[in-house]
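Notes follow once the structure below has been shown.
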Amino acid sequence: QVHLVESGGGSVQPGGSLRLSCTVSNDTFVAYAIAWFHQAPGKEREGLASISSADDTTTYADSVKGRFTISRDNAKPIAYLHMTNLKIEDTGVYYCAAEFVGLGGLERRIYDYWGQGTQVTVSA
């Protein structure tokens, strides 16, 4: 089984920073890519950032490029989303997801496993 658990969400003022964590339990020992998605209330999940399994190639949505950074530690394993210069529009639930092709990407349909989400609220 593969399980992902997000943590690190909370409330922050505009311009602030948060680091989200995603712990991964993977009994298959198969390499995986991981991504972070954002879902605003009443809207579809949007891919923000991904990192591949082979060479840690990263992909970012234009909306977060230069503000958010995805990273991973395969030994633990754990993945992070470091968010800076947060905006009110960043409010919502953040999910981490894994896929075992290993290439990554921002399309929700390619991901096989999802965490439960962690809430981020950005307000003045």
Side-chain angles (χ1 to χ4, degrees):
Q1 291 185 324
V2 178
H3 299 283
L4 298 88
V5 179
E6 303 94 335
S7 62
S11 297
V12 65
Q13 294 193 81
S17 300
L18 285 174
R19 176 181 269 192
L20 307 182
S21 299
C22 177
T23 57
V24 182
S25 176
N26 178 15
D27 292 340
T28 70
F29 296 97
V30 176
Y32 58 92
I34 197 161
W36 286 95
F37 286 76
H38 168 241
Q39 186 168 22
K43 296 186 177 181
E44 188 175 351
R45 293 182 191 183
E46 175 191 16
L48 302 180
S50 73
I51 186 164
S52 71
S53 64
D55 58 1
D56 287 354
T57 297
T58 56
T59 303
Y60 294 96
D62 288 342
S63 61
V64 305
K65 195 172 298 182
R67 299 192 298 127
F68 292 8
T69 302
I70 188 171
S71 62
R72 69 187 300 162
D73 183 340
N74 292 329
K76 294 192 177 181
I78 191 168
Y80 301 99
L81 185 69
H82 186 202
M83 306 184 293
T84 65
N85 192 25
L86 283 161
K87 304 175 180 180
I88 293 175
E89 304 92 278
D90 296 321
T91 292
V93 179
Y94 285 75
Y95 299 87
C96 62
E99 58 90 359
F100 293 91
V101 175
L103 298 178
L106 303 180
E107 301 294 331
R108 64 186 293 270
R109 289 180 174 84
I110 71 175
Y111 289 90
D112 304 297
Y113 299 94
W114 297 81
Q116 86 288 352
T118 186
Q119 175 72 39
V120 172
T121 302
V122 185
S123 62

Query raised in the report: Mind checking whether His38 and Tyr94 have parallel, tilted or perpendicular rings, split at 30° and 60°?
Result: tilted
Report task. Report yes or no: does Ser21 contribute a side-chain atom to a donor-acceptor pair with the main-chain N or O of Gly8 at less than 3.5 Å? Result -> no
Requested in this report: Name all residues meeting the salt bridge (Lys or Arg N to Asp or Glu O under 4.0 Å) criterion together with Asp62; count only those two or more places apart in sequence or in a different chain, and write none if there are none.
Outcome: Lys65
Query raised in the report: Any sub-3.5 Å donor-acceptor pair from Glu107's side-chain atoms to Arg109's backbone N or O?
Result: no
Query raised in the report: Quick check: does any side chain N or O of Glu99 sit under 3.5 Å from a backbone N or O of Gly104, one acting as donor and the other as acceptor?
Result: yes
Report task. Determine yes or no for a side-chain-to-main-chain donor-acceptor pair under 3.5 angstrom, with Thr91 supplying the side chain and Val122 the backbone. Result -> yes
Report task. Give the intermediate values and the outcome of side-chain contact (heavy atoms from CB on, under 4.5 Å) for residues Ser17 and Thr84. Result -> CA-CA 4 Å; Ser17 300; Thr84 65; 3.6 Å; yes
Requested in this report: Given side-chain contact (heavy atoms from CB on, under 4.5 Å), test Leu20 with Val120 step by step and report yes or no.
Outcome: CA-CA 9 Å; Leu20 307 182; Val120 172; 4.1 Å; yes
Query - Candidate pair Trp36 and Val64, rule side-chain contact (heavy atoms from CB on, under 4.5 Å), full reasoning - result: CA-CA 11 Å; Trp36 286 95; Val64 305; over 6 Å; no
Requested in this report: Check for a donor-acceptor pair, side chain of Trp114 on one end and backbone N or O of Leu4 on the other, with a separation under 3.5 Å.
Outcome: no
Requested in this report: Return yes if some donor-acceptor pair links the side-chain N/O of Glu6 with the main-chain N/O of Cys96 below 3.5 Å, else return no.
Outcome: yes
Query raised in the report: Mind checking whether Tyr111 and Phe37 have ring centres under 6.0 Å apart?
Result: yes
